[in-house]
Amino acid sequence: MAKELISRSENYSQWYNDLVVKADLAENSAVRGCMVIKPYGYAIWEKMQAELDRMFKETGHVNAYFPLFIPKSFFSKEAAHVEGFAKECAVVTHYRLKNNPDGSGVMVDPDAKLEEELIVRPTSETIIWSTYKNWIQSYRDLPILCNQWANVVRWEMRTRLFLRTAEFLWQEGHTAHATQQEAMDEAMKMINVYATFAENFMAVPVIKGAKSENERFAGALETYTIEALMQDGKALQSGTSHFLGQNFARAFDVTFTNKDGKEELVWATSWGVSTRLMGALVMAHSDDNGLVLPPKLAPFQVVIVPIYKNEEQLDAISEKVNEIIAKLKARGISVKYDYNDNKKPGWKFAEYELKGVPVRLAMGPRDLENGTIEVARRDTLTKEVASVDNIDEYVEKLLNDIQSNIYKKAFDFRNEKTTKADSYDEFKEILNNKGGFVLAHWDGTTETEQKIKEETKATIRCIPFGQEEEEGTCIYSGKPSKGRVLFAVAY
RNA sequence: CGGGAUGUAGCGCAGUCCGGUAGCGCACCUGGUUUGGGACCAGGGGGUCCCAGGUUCGAAUCCUGGUAUCCCGACCA
């Protein structure tokens with residue numbers, strides 16, 4: 001009725017836009033390019049945050065907070081870095097408003113111009129390294145393993161809810177190390193943390209790998225990435241981790257005295273995931289009926305809907321339901337009991353399907369009589385009647401099942417949509433008709449990469465880790481290549 | 001930032017060509033009947049017609065300029 005979705009096959013991007021809004025995850029705001037994340041969507045983000053934060057701390061990191069504003073001069077200190085972000089920075093030039101002389105509201109007070117403009121952070125390397133300079137003197141001060149949860153602003157031309165917005169939420173880890181090896185290990189460690197999170201919690205399989213020089217973070221020597229495949233066959237970069245070498249230490253003059261009393265530049269990494277993960281989550285699992293959420297990230301894992309004709313019936317059902325809720329909670333399962341009398345059961349069924357609640361329990365008079373309850377699972381849209389007695393155990397198993405089932409579904413989909421191409425014609429044919437990931441030989445040059453991008457829109461998503469060596473020739477130039485890289489059209 | 005489309009009640013739209021004082025569905029409110037897959041009946045409330053200027057006796061409608069959103073390109077997480 002009111003909330004029907006367009007099908008994925010008919011218009012995938014509209015399906016996505018509508019779903020995000022109709023499932024109450026987010027909506028566009030009065031500010032161009034900026035979204036409002038609604039409570040239901042934010043609850044998912046909080047679940048992501050909680051788990052990531054736990055994982056960061058388990059790997060020795062601590063949280064801190066650095067300023068939103070960055071002095072303009074900081075930005076110009078690392079050449080590649082400026083280059084990368086200059087075109088999308090919001091700049092603060094004044095610090096005061098005043099009433100318009102003609103009484104028509106307020107205006108920027110021209111007398112309140114800042115001595116030095118402030119950049120709204122698009123990322124925090126510069127402000128953080130200018131701070132680290134003061135924190136680091138000796139090898140004894142290292143490593144520094146900080147993370148911050150923050151918002152950042154990148155003035156995007158074209159925005160889409162969660163996938164690309166002018167302001168977004170993320171975490172950014174910034175670490176400082178005494179040795180190159182340690183920093184490289186750190187960057188690798190964190191991409192593995194991201195991959196584990198994506199697969200175990202989001203149920204989204206990812207390919208880990210290194211970015212080509214062309215796709216690297218501005219200022220990094222090496223960028224690692226996790227790449228996920230969406231249902232429309234496009235890739236989504238879902239997290240990145242950068243080995244920054246000594247670039248930022250050099251730019252901000254951050255040195256330490258080593259054990260031999262010699263002064264050295266500090267080695268750096270940074271790594272981040274953002275609210276873009278929400279987009280990945282939506283596009284990886286959801287169907288034409290709405291969201292499909294992995295139990296580990298669902299705001300509530302179970303919804304219980306009572307079916308009744310009068311108040312006495314509702315009371316009787318509620319009594320039973322409350323027992324069930326207590327048992328589920330004892331197992332750490334989150335439950336919502338929707339006894340709202342304003343909506344009919346059918347309406348609620350449709351609504352919770354749209355919102356992707358993994359398991360729905362429905363109890364009516366017949367169930368009460370028979371000691372049963374109806375169990376519906378969102379991922380398969382199947383229903384069965386179960387006994388109330390061990391329902392907690394049953395649901396716990398079911399949630400685990402759903403978590404692994406949606407992962408498997410996404411995994412099989414990705415495998416089916418990953419194709420090897422051995423000629424440029426074959427490559428183009430796959431991109432046009434099948435989509436997905438394409439593994440192909442590449443000569444390692446930026447020129448070839450650019451040409452392929454111009455002609456096919458496909459980019460090198462990554463040079464996958466652990467790829468077996470394989471002699472071959474570049475699909476574009478015919479030059480020799482030692483292994484295949486992962487191509488796809490990307491978000 | 002270029003090309004196109006669209007802004008009318010909370011949401012989705014009609015009305016715009018051909019100017020005459022704004023309508024439909026959903027949602028909302030009241031009452032009643034209902035409740036195992038988006039209930040039904042009756043009554044009711046709600047509008048700077050995106051903004052500013054212009055033409056006109058009269059503008060949602062015509063003209064000019066803004067602005068926002070969506071789609072397609074260039075740029076990007």
Side-chain angles (χ1 to χ4, degrees), chain A residues 1-6 11-14 16-18 21-22 27-35 83-89 104 122-123 152-172 194 211 214-218 220 223 225-228 235-242 270-280 289-290 305-311 313-314 317 339-354 360-370 372-374 376 381 383 385 453-454 457 459 461 490-491:
Chain A
M1 264 181 67
K3 286 194 169 176
E4 292 264 302
L5 283 170
I6 193 165
N11 187 339
Y12 191 83
S13 70
Q14 200 192 334
Y16 172 82
N17 292 340
D18 290 353
V21 171
K22 287 180 176 168
E27 62 190 29
N28 280 306
S29 71
V31 186
R32 182 195 182 85
C34 296
M35 64 180 162
E83 174 91 14
F85 288 105
K87 280 172 289 184
E88 49 188 31
C89 285
S104 64
T123 178
V152 287
V153 169
R154 296 180 188 175
W155 214 259
E156 298 291 346
M157 294 299 176
R158 218 174 131 188
T159 59
R160 287 188 77 190
L161 294 172
F162 291 121
L163 297 175
R164 175 165 295 106
T165 47
E167 179 191 14
F168 58 89
L169 305 183
W170 76 346
Q171 57 68 218
E172 45 181 329
Y194 289 154
K211 285 290 185 188
N214 194 41
E215 297 273 330
R216 236 171 249 161
F217 175 73
T223 289
T225 179
I226 51 171
E227 297 287 327
L236 185 73
Q237 179 176 306
S238 305
T240 49
S241 175
H242 316 289
S270 67
W271 29 273
V273 293
S274 72
T275 37
R276 185 179 235 204
L277 289 179
M278 295 285 294
N289 295 298
V305 177
I307 293 151
Y308 57 94
K309 290 202 198 318
N310 52 53
E311 211 158 312
Q313 245 174 26
L314 175 60
I317 290 166
Y339 49 80
N340 185 342
D341 192 40
N342 296 329
K343 304 286 188 212
K344 288 188 59 179
W347 190 93
K348 293 176 184 174
F349 292 174
E351 182 68 9
Y352 292 116
E353 250 160 44
L354 182 64
R360 184 185 71 235
L361 302 177
M363 179 173 271
R366 286 207 300 273
D367 292 304
L368 207 52
E369 210 169 294
N370 303 335
T372 57
I373 192 161
E374 185 188 84
L381 290 169
K383 288 195 285 201
V385 174
K453 184 181 177 182
E454 278 163 34
K457 302 219 178 301
T459 50
R461 301 321 302 152
Y491 272 96

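As a basis for the values below, the full set of heavy atoms in this structure was taken, side chains included, without hydrogen atoms, waters or symmetry mates. Letters A, B, ... mirror the listed sequences (proteins, then strands); counts begin at 1. Being a predicted model, the structure only gives us computed values, none of them experimental.
In the set B:C1, B:U35, B:G73, B:C1 carries the atom at the smallest distance from any side-chain atom of A:Met157. With distances taken from any side-chain atom of A:Lys344 to the nucleotides B:U35, B:G37, B:U69, the minimum falls on B:U35. If you check B:A74, B:A77, B:G38 against the side chain of A:Trp347, the one that comes closest is B:G38. With B:G38, B:A74, B:C71 as the choices, the nucleotide that has an atom nearest any side-chain atom of A:Asn17 turns out to be B:C71. For A:Asp367, taking side-chain heavy atoms from C-beta onward, the closest of the listed nucleotides B:G36, B:A77, B:C70 is B:G36. For A:Glu156, the listed nucleotide lying nearest its side chain is B:A77; candidates were B:A77, B:G36, B:G37. The side chain of A:Phe168 sits closest to B:A77 out of B:U35, B:A77, B:C71. Out of B:G36, B:U35, B:A77, the shortest distance to the side chain of A:Asp341 is found at B:U35. Of the candidate nucleotides B:A77, B:G38, B:G36, B:G36 has the atom nearest to the side chain of A:Ala362. Closest approach to the A:Arg158 side chain among B:G36, B:U69, B:C72 is made by B:C72 (side chain taken as heavy atoms from C-beta onward).
With a cut-off of 3.5 Å on both Watson-Crick or G-U wobble distances, the partner of B:G65 is given as B:C51. Nucleotide B:G10 forms a pair with B:C26, judged by Watson-Crick or G-U wobble geometry with both contacts under 3.5 Å. B:G46 is unpaired under the Watson-Crick or G-U wobble criterion, no partner having all donor-acceptor distances under 3.5 Å. Base pairing analysis places B:C57 opposite B:G20; the two distances defining the Watson-Crick or G-U wobble pair are each below 3.5 Å. The base-pairing partner of B:G2, taking Watson-Crick or G-U wobble contacts with both distances under 3.5 Å, is B:C72. In this structure B:U33 sits in a base pair with B:A39, meeting the Watson-Crick or G-U test at under 3.5 Å.
B:G65 and B:C72 have their P atoms separated by 27 Å, with the value rounded to a whole Å. B:C28 and B:G73 are spaced 39 Å apart, taking the P atom of each and rounding to whole Å. Using atom P as the reference point in both B:C71 and B:G25, the two lie 30 Å apart (nearest Å). When the P atom is used for both B:U64 and B:G4, the distance is 14 Å, rounded to whole Å. Taking atom P in both B:U6 and B:C17, one finds a spacing of 14 Å when rounded to whole Å. Nucleotides B:C63 and B:G20 place their P atoms 15 Å apart, quoted to the nearest Å. B:C49 and B:A68 are spaced 16 Å apart, taking the C1' atom of each and rounding to whole Å. Rounded to whole Å, the separation between the C1' atoms of B:C24 and B:A9 comes to 12 Å.
Between atom CD of residue A:Glu215 and atom NZ of residue A:Lys453 there is a gap of 6.0 Å, rounded to the nearest 0.5 Å. Atoms CZ and OG1, on A:Arg366 and A:Thr372 in that order, are 8.5 Å from each other to the nearest 0.5 Å. Here SG of A:Cys34 is found 11.0 Å from CG of A:Leu161. Values are rounded to the nearest 0.5 Å.
Figure legend: A:Arg360 and A:Phe349 shown as a cation-pi pair, the cationic atom lying under 6.0 angstrom from the six-membered ring centre and within 45 degrees of its axis.
Atom P of nucleotide B:A27 and atom NZ of A:Lys22 are separated by 14 Å, given to the nearest angstrom. Distance CG (A:Asn28) to P (B:A68): 13 Å, rounded to an integer number of Å. Distance CD (A:Glu27) to P (B:G12): 11 Å, rounded to an integer number of Å. Atom CG of A:Asn342 and atom C1' of B:U35 are 13 Å apart (whole Å). Distance A:Phe349 CZ to B:G37 P: 7 Å, rounded to the nearest Å. B:A77 atom C1' lies 8 Å from atom CG of A:Leu236, rounded to whole Å. We find that CG of A:Leu361 is positioned 16 Å from P of B:G37, with the value rounded to whole Å. Between the P atom of B:C71 and the CG atom of A:Asn11 lies a distance of 9 Å, rounded to the nearest Å.
Of the possible donor and acceptor atoms, none in the side chain of A:Arg276 sits under 3.5 Å from a partner among the backbone N and O of A:Phe162. Side-chain N or O atoms of A:Arg461 include none that pairs as donor or acceptor with a backbone N or O of A:Thr225 at under 3.5 Å. In this structure a side-chain-to-backbone donor-acceptor pair under 3.5 Å is present from A:Gln313 to A:Lys309. With hydrogens and angles disregarded, no donor-acceptor distance shorter than 3.5 Å links the side chain of A:Lys211 to the backbone of A:His242.
One finds a side-chain N or O of A:Arg32 lying less than 4.0 angstrom from the OP1 or OP2 phosphate oxygen of B:U69. In this model, the phosphate group of B:C75 is not approached by any side-chain N or O of A:Lys87 to a distance below 4.0 Å at OP1 or OP2.
Residue A:Glu353 is the one, among A:Glu353 and A:Tyr491, whose nearest nucleotide of RNA chain B lies closer to the 5' end (criterion: closest heavy atom). Comparing A:Thr159 and A:Lys457 by the nucleotide of RNA chain B whose heavy atom lies nearest to each, the residue mapping closer to the 5' end is A:Thr159.
Among the heavy atoms of the strands lying under 4.0 Å from A:Glu374 is at least one base atom, whether or not backbone atoms are also near. Across all strands, A:Lys343 comes closer than 4.0 Å only to sugar-phosphate atoms, never to a base (heavy-atom distances). Residue A:Arg160 is classed as having no contact, given no heavy-atom separation below 4.0 Å to the nucleic acid. Within 4.0 Å (heavy atoms only), A:Gly33 reaches sugar-phosphate atoms of the nucleic acid but no base atom.
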Run A:Asp367 and A:Ile307 through side chain to side chain contact (heavy atoms under 4.5 Å, CB included) and show every step you take. CA-CA 10 Å; A:Asp367 292 304; A:Ile307 293 151; 6.0 Å; no
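Put simply, the side chain of A:Lys309 and the base of B:G36 share no donor and acceptor less than 3.5 Å apart.
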I'd like a table of atom pairs between the protein and nucleotides 5-10 of chain B - only N or O on both sides, under 3.5 Å - with the distance next to each one.
none

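Using bins of under 30°, 30° to 60° and over 60° for the plane-to-plane angle, the ring pair A:Tyr194/A:Trp271 lands in the perpendicular bin.
Across all non-hydrogen atoms, the minimal contact from A:Thr159 to A:Glu156 is CG2-CB, 3.9 Å.
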